[in-house]
Amino acid sequence: MCTYLIGIDLGTQGTKTCLYTQEGHLVNSAFEASNLIMPGPGRVEQDPDELYGSVMRTISEVMEKSGIPPESV
C-alpha cells in the first residue's frame, strides 16, 4: 500500500491543502480564500471556526478529487 502525506498552509489569504506521495510528488491541491474581518485601521481578524472549516473542506476536496482512500494517508 502506498502512503500519502497531507500538508496544510493556513495563511491570512487562505487555506491551501496539498496531498503528496511519500516521495514528495504533488497528487492534488485545494484552496479556499479566507474571510478577513477588519474591525479598524491596521487590524485584521479571522474567525477560528471559519479557519477550522476551511481546513476540513480543503482536506475533503483533495481526498475526493484524488480518489485516494483515507487509510492511505
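On a predicted model such as this, the values are computed, not experimentally measured, just so you know.
Under a cut-off of 6.0 angstrom, the local environment of CD in Glu45 is crowded, with over 12 non-hydrogen atoms contributed by other residues, nucleotides or ligands. Counting non-hydrogen atoms of other residues, nucleotides and ligands closer than 6.0 Å to OH of Tyr52 gives a total of 12 or fewer.
Under the rule for a side-chain contact (heavy atoms from CB on, under 4.5 Å), Glu64 has no partner lying at least two apart in sequence or in another chain. Under the rule for a side chain to side chain donor-acceptor pair (under 3.5 Å), Gln22 has no partner lying at least two apart in sequence or in another chain.
In this structure, Met63 and Val73 have side chains that are in contact, with non-hydrogen atoms separated by less than 4.5 Å.
Under the 4.5 Å side-chain heavy-atom criterion for Ile, Leu, Val, Met, Phe, Trp and Tyr, Val55 and Tyr4 are members of the same hydrophobic cluster. Leu10 and Leu36 fall into different hydrophobic clusters, where Ile, Leu, Val, Met, Phe, Trp and Tyr side chains are chained together by heavy-atom contacts under 4.5 Å.
In this structure, a donor-acceptor pair under 3.5 Å is present between the side chains of Gln46 and Ser34.
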Could you walk me through whether Ile37 and Arg43 pass the side-chain contact (heavy atoms from CB on, under 4.5 Å) test, one step at a time? CA-CA 8 Å; Ile37 304 163; Arg43 293 178 52 204; over 6 Å; no
Salt bridge (Lys or Arg N to Asp or Glu O under 4.0 Å), that's the test. Do Arg57 and Glu61 meet it? Break it down for me. CA-CA 6 Å; Arg57 286 186 294 275; Glu61 183 179 338; over 6 Å; no
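The main-chain N or O of Ser29 is found under 3.5 Å from a side-chain atom of Lys65 such that the two form a donor-acceptor pair.
If you run side-chain contact (heavy atoms from CB on, under 4.5 Å) between Ile6 and each of Ile59, Thr58, Ile68, Val27, only Ile59 comes through. For the side-chain contact (heavy atoms from CB on, under 4.5 Å) with Ser54, the qualifying choice from Thr17, Thr15, Asn35, Ile8 is Thr15, the only one to do so.
Of all heavy-atom pairs between Leu19 and Val62, the closest is CB-CG1, 3.3 Å. Phe31 approaches Lys16 most closely through the heavy-atom pair CD1-CB, 4.1 Å.
Separating the OG atom in Ser66 from the CG atom in Leu26 is a distance of 10.5 Å, to the nearest 0.5 Å.
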